[in-house]
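Quick notes on the structure that follows.
Order of the sequence lines sets the chain letters (A, B, ...), proteins ahead of strands, with each chain counted from 1. Just so you know, these numbers use all the heavy atoms, side chains as well, and skip hydrogens, waters and symmetry mates.
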Number of protein chains: 2
Amino acid sequence: MRMSQLFLRTLRDDPADAEVPSHKLLVRAGYVRRVAPGIYSWLPLGLRVLAKVEAIVREEMAAIGGQEVRFPALLPRDPYEATDRWTEYGDNLFRLKDRRGNDMLLGPTHEEMFTLLVKDLFGSYKDLPAVLYQIQTKYRDEARPRAGILRGREFIMKDSYSFDVTDEGLEQAYQAHRAAYIRIFDRLGFDYVIVKADSGAMGGSASDEFLAVLETGEDTFVRSPGGYAANVEAVTTVVPDAIAFDGLPAAHAEQTPDTPTIETLVAHANAAFPRDDRPWTGADTLKNVLIMLRHPDGSTEPLAIGLPGDREVDAKRLEVQVSPAEVEPFGEEDFARYPDLAKGYIGPGVLGTENATGIRYLTDPRVVDGTSWITGADVHGSHVFDLVAGRDFTSDGTIEAAEVRAGDPAPDGSGPLELARGMEMGHIFQLGRKYAERLGLQVLDENGKLVTVTMGSYGVGVSRAVAAVVEGSYDELGIVWPKEVAPFDVHLVVAGKAPELFEGADGIVADLEAAGLDVLYDDRPKMSPGVKFKDAELIGVPTIVVVGKGLADGVVEVKDRATGERRDVAVADLVATLTA
Amino acid sequence: MRMSQLFLRTLRDDPADAEVPSHKLLVRAGYVRRVAPGIYSWLPLGLRVLAKVEAIVREEMAAIGGQEVRFPALLPRDPYEATDRWTEYGDNLFRLKDRRGNDMLLGPTHEEMFTLLVKDLFGSYKDLPAVLYQIQTKYRDEARPRAGILRGREFIMKDSYSFDVTDEGLEQAYQAHRAAYIRIFDRLGFDYVIVKADSGAMGGSASDEFLAVLETGEDTFVRSPGGYAANVEAVTTVVPDAIAFDGLPAAHAEQTPDTPTIETLVAHANAAFPRDDRPWTGADTLKNVLIMLRHPDGSTEPLAIGLPGDREVDAKRLEVQVSPAEVEPFGEEDFARYPDLAKGYIGPGVLGTENATGIRYLTDPRVVDGTSWITGADVHGSHVFDLVAGRDFTSDGTIEAAEVRAGDPAPDGSGPLELARGMEMGHIFQLGRKYAERLGLQVLDENGKLVTVTMGSYGVGVSRAVAAVVEGSYDELGIVWPKEVAPFDVHLVVAGKAPELFEGADGIVADLEAAGLDVLYDDRPKMSPGVKFKDAELIGVPTIVVVGKGLADGVVEVKDRATGERRDVAVADLVATLTA
């Protein structure tokens with residue numbers, strides 16, 4: 001491809017709305033161009049990279065027996081109504097009406113449609129297992145589209161779905177996808193982690209997320225020295241051993257006026273009731289937080305959460321735990337309905353289904369039997385000290401709602417957890433029979449009995465992956481494409497304006513192309529070498545060949561974009577060198 | 001690809017909503033599946049054919065220097081507002097609002113977006129010419145989606161746009177596209193015609209349509225023995241020579257009671273005023289039709305059209321002629337405002353800007369000077385005979401609004417016109433500077449002066465072409481794919497259940513695939529040969545290889561799907577035979 005004919009204008013300045021490197025570089029180097037918030041066009045260079053990423057995904061899907069289909073993006077409402085997602089997606093769903101007034105939507109993901117297709121065409125266990133996938137344009141009306149194609153409102157996804165009769169079949173399909181995703185992301189070459197995406201606490205099925213490790217990522221995850229990794233939502237707390245009650249001091253209530261917060265309580269405790277060996281800290285206190293749950297049927301239920309006073313409730317972790325109920329605040333009028341709750345001084349004495357308020361009371365897993373706490377005495381201005389879990393109070397169970405912190409012990413016992421940020425690039429999920437049940441996907445089993453099919457759902461953010469590759473591979477000069485997804489193999493620059501150089505370059509390009517290499521040929525006759533070099537660094541093709549003065553001696557310069565290493569290569573050896 | 005693993009179920013019955021062969025066959029043979037009216041999914045076989053059509057289009061676009069990009073389908077309103085198309089598209093446009101209440105649309109075609117992209121990145125005449133294209137999903141909310149993927153609401157199009165400084169440049173880009181389209185449609189292998197799509201009467205630029213010749217097509221076109229072809233809207237009437245006035249009888253009014261229609265008038269004329277040499281026919285009468293035009297600014301204007309009484313006004317031809325005005329009926333209240341109009345007996349005596357009504361009067365091109373007519377005398381129950389055009393009346397001009405009929409003389413003088421039906425597969429259009437003006441696309445010319453760019457717009461219905469290929473190539477057994485777009489090269493059927501046959505077939509398939517052939521391998525172990533053969537005929541792969549009893553003698557049967565011709569081929573010669 002001759003650059004004089006390529007539809008490309010590199011830009012000197014970062015786009016005004018760009019914050020992350022991939023967004024800045026992909027726009028500046030002419031790969032994508034913004035049309036509207038979160039909506040981008042692919043320019044010729046970008047489309048080439050996209051095609052390479054798609055090819056990798058197709059190869060790895062074919063390798064696990066995936067069969068490609070393509071659904072429309074414009075979909076009828078009914079199937080999404082049957083699974084409640086027409087409503088559940090809320091503002092994230094693009095909805096519209098056709099000319100006859102029928103409700104339609106732009107597909108955010110296609111579980112319903114694949115389920116119906118298989119129901120439509122398959123009827124027997126002999127037809128299964130099946131893995132179907134598509135690489136297709138998806139739509140989500142993100143509240144905060146950002147970072148260019150890293151989080152768009154129109155984007156390209158590979159979504160696949162597995163269909164099996166047995167749970168073992170689903171597990172196999174799931175593991176096959178997991179292995180395929182590892183190959184895909186290894187080939188794409190950016191740093192990623194596989195994190196557990198669901199703690200399973202509420203009966204959820206297995207789910208792993210593939211996160212690109214990115215400082216600017218939207219998801220926080222944890223990892224341990226031993227290789228454990230999880231979404232913050234899925235982190236399980238390491239439960240300390242229970243402590244024997246023998247010899248623990250008896251609980252005693254103390255006057256603690258004006259200490260409705262942990263901070264004021266700890267200060268007061270250290271001043272009025274100092275401990276010999278070490279000062280009191282928030283970790284010695286048991287904080288009791290009240291929330292209101294709203295269940296899908298509209299009913300509400302109060303919930304009390306007891307956790308060490310030095311930790312906050314993590315809203316996302318709590319959400320996952322109480323889902324499908326939603327979390328609402330416990331307001332003044334709610335407090336008014338429970339006169340036994342002494343706000344700021346609430347303790348386990350009144351919490352729990354067996355106690356005065358009857359409010360369900362769940363505690364952090366660290367609140368094991370034998371741990372001693374300073375906590376509310378259920379009287380304004382008073383706390384109880386040395387209140388021992390299991391001896392002096394019990395809860396209705398535990399809940400993983402406390403924030404996770406760097407340094408917390410890792411569940412795999414390999415040391416302290418590290419917190420990092422990432423961006424979801426893939427997600428694999430054992431759906432089980434939920435969609436098949438809602439949409440009536442059954443097949444006849446070996447005994448002629450109708451059984452409900454079990455499904456898996458698996459996604460790769462294809463357009464997003466293009467940005468993730470850049471996030472993982474750039475420098476101050478521009479993009480540094482890994483070989484497998486680079487738009488071209490070689491970027492050949494003519495450094496000079498002498499006709500002989502262009503003639504020589506023409507021949508070299510022809511030779512390289514004949515050898516199967518894709519060459520971006522900077523044949524622009526009047527552009528200075530400096531500008532051409534800058535463009536080459538910005539565009540980021542892995543190998544840059546400079547045809548300059550050395551050509552008279554039969555030599556060109558070969559530069560490795562990633563390392564910056566340069567060497568002279570005889571023109572006669574060039575093809576062999578570059579295809580080696 | 002092993003058929004035992006292919007996501008495919010062939011169907012015995014035609015889908016209930018299918019009327020045309022391609023719709024029936026593509027659904028029955030498992031290429032596409034309906035999701036909603038005019039909205040289809042592509043199954044694995046269909047996606048393979050689609051990919052082949054896309055590859056042909058890409059190759060031919062690359063050959064004329066087209067550069068591929070990809071725009072989003074979800075677009076902001078503003079650019080389409082600037083060109084009035086937000087409104088002009090009417091109900092055909094899918095409109096929606098995003099979560100912030102912004103108006104958006106699903107792109108029906110992308111002139112605006114390409115214009116803005118080029119404006120965004122280009123600034124000099126040196127950047128031009130440029131041809132950009134995309135193969136992308138488009139949306140039109142058709143009033144009557146029909147015929148499966150032949151006329152869908154979500155469909156795939158190749159749309160390209162050329163950008164030039166000069167009219168000569170546009171003409172070159174136009175001719176290059178015309179040649180590329182000929183190569184594309186030749187390779188797709190269905191019968192097509194290139195028809196003039198615009199008569200140019202209203203100052204429109206050059207435009208050709210590529211129509212697949214289909215009995216079930218929606219467009220009527222004409223063609224002549226000499227190769228002239230045109231859309232009915234674009235047919236130009238052959239204008240007869242003027243006739244000298246000398247010796248023509250003088251006009252005379254006659255009583256013609258109760259003859260408000262051409263039929264009653266002709267009957268009365270033949271009864272009361274018979275002509276010596278031949279009877280009067282509708283062709284001897286001049287019918288005057290009144291319509292009301294509504295201009296884009298909302299104002300209305302009456303228009304009278306005079307045409308031979310044996311022809312009706314063709315609504316589509318009229319529409320093109322009066323565009324951008326719209327045609328509305330001339331109602332009772334309109335007649336009431338013109339007391340000079342004697343309904344049923346209206347003649348040129350009161351029509352025309354110079355006459356009593358002042359209504360603009362346009363006549364059919366056949367109403368040349370010297371032609372004699374029976375027409376209304378502007379008095380109820382009376383007609384004028386021998387009223388001679390140019391002598392007794394004149395009009396304000398001519399209009400191409402009369403219906404075109406088979407047998408009409410062709411404009412190229414080669415004989416009578418034939419009428420046929422077709423389906424638009426491609427359309428090339430010289431847009432000129434309309435979009436560039438509306439959206440401000442200017443570049444600096446050689447003298448540093450800003451000039452407006454001139455554009456062309458070119459489309460190919462890619463998904464529709466898949467159906468057109470089938471319409472042009474099927475028989476009572478199923479689809480008959482041309483080689484270049486077939487989903488596979490070879491369909492290998494094992495006819496029998498003996499394990500040796502499958503072992504032999506495995507080896508043959510491996511050999512064929514090693515030779516670069518795509519093989520659909522019907523390895524289904526329990527299916528009867530009859531069912532397998534039926535499926536093979538229905539699916540329509542060009543070459544069917546049957547591995548049966550002859551295998552013991554080292555022979556397989558090779559059947560040509562198109563001709564039905566069968567011959568035995570030695571296994572050892574099979575690769576050579578099929579790759580010859």
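You'll find the side chain of Phe71(A) stays beyond 4.5 Å of the side chain of Trp42(B), heavy atoms only. Using a 4.5 Å cut-off on side-chain heavy atoms (C-beta onward), Leu43(B) and Arg70(A) make no contact. A heavy-atom distance below 4.5 Å is found between the side chains of Arg33(B) and Asp120(A). The shortest side-chain heavy-atom distance between Leu121(A) and Leu8(B) does not fall under the 4.5 Å cut-off.
In this structure, the portion of Leu50(B) lying under 4.5 Å from any heavy atom of chain A is its side chain and not its backbone. Heavy atoms of Leu45(A) lying under 4.5 Å from chain B are absent altogether. Leu6(A) touches chain B through backbone and side chain together, each having a heavy atom under 4.5 Å away. Looking at Leu128(B), there are no atoms closer than 4.5 Å to chain A (heavy atoms on both sides), in backbone or side chain. Of the atoms belonging to Leu105(A), not a single heavy atom falls under 4.5 Å from chain B. Interface remark: Asn92(A) contributes backbone and side-chain atoms alike to the contact with chain B (heavy atom separation under 4.5 Å). Neither the backbone nor the side chain of Gln134(A) comes within less than 4.5 Å of any heavy atom of chain B. Tyr40(B) touches chain A through its backbone: at least one of N, CA, C or O sits under 4.5 Å from a heavy atom, while the side chain does not. With a threshold of 4.5 angstrom between heavy atoms, Ala130(A) does not approach chain B through any atom at all.
Between Tyr139(B) and Leu74(A), the closest heavy-atom pair is CE2-CB, 3.7 Å. Summarising the geometry of Arg99(B) relative to Ala143(A), their closest heavy-atom pair is NH1-N, 3.2 Å, with the distance given to 0.1 Å. Pairing each heavy atom of Leu75(B) with each of Val35(A), the nearest pair is CD2-CG1, 4.2 Å.
Counting only distance, with no hydrogens or angles, the side chain of Glu154(A) and the backbone of Ala73(B) share a donor-acceptor pair below 3.5 Å. Not one N or O on the side chain of Gln67(B) forms a donor-acceptor pair closer than 3.5 Å with the backbone of Pro44(A).
Of the charged side-chain nitrogens involved, at least one lies within less than 4.0 Å of a carboxylate oxygen, so that Arg153(B) and Asp98(A) count as a salt-bridged pair. Taking the charged nitrogens against the carboxylate oxygens, Arg100(A) and Asp141(B) have no contact shorter than 4.0 Å, which rules out a salt bridge. A salt bridge links Asp127(B) with Arg9(A): at least one charged nitrogen is closer than 4.0 Å to a carboxylate oxygen.
Interatomic distance, Ile39(B) CD1 to Met104(A) CE, rounded to the nearest 0.5 Å: 3.5 Å. For the atom pair NE2 (His110(A)) and OG (Ser41(B)), the distance works out to 7.5 Å, reported to the nearest 0.5 Å. For the atom pair Leu96(B) CG and Phe94(A) CZ, the distance stands at 6.5 Å (nearest 0.5 Å).
Considering only heavy-atom pairs separated by less than 4.5 Å from chain A, the leading option among Arg48(B), Arg95(B), Gln5(B) is Gln5(B). When Ala36(B), Ser4(B), Pro72(B) are compared by the number of non-hydrogen pairs under 4.5 Å with chain A, Pro72(B) comes out ahead.
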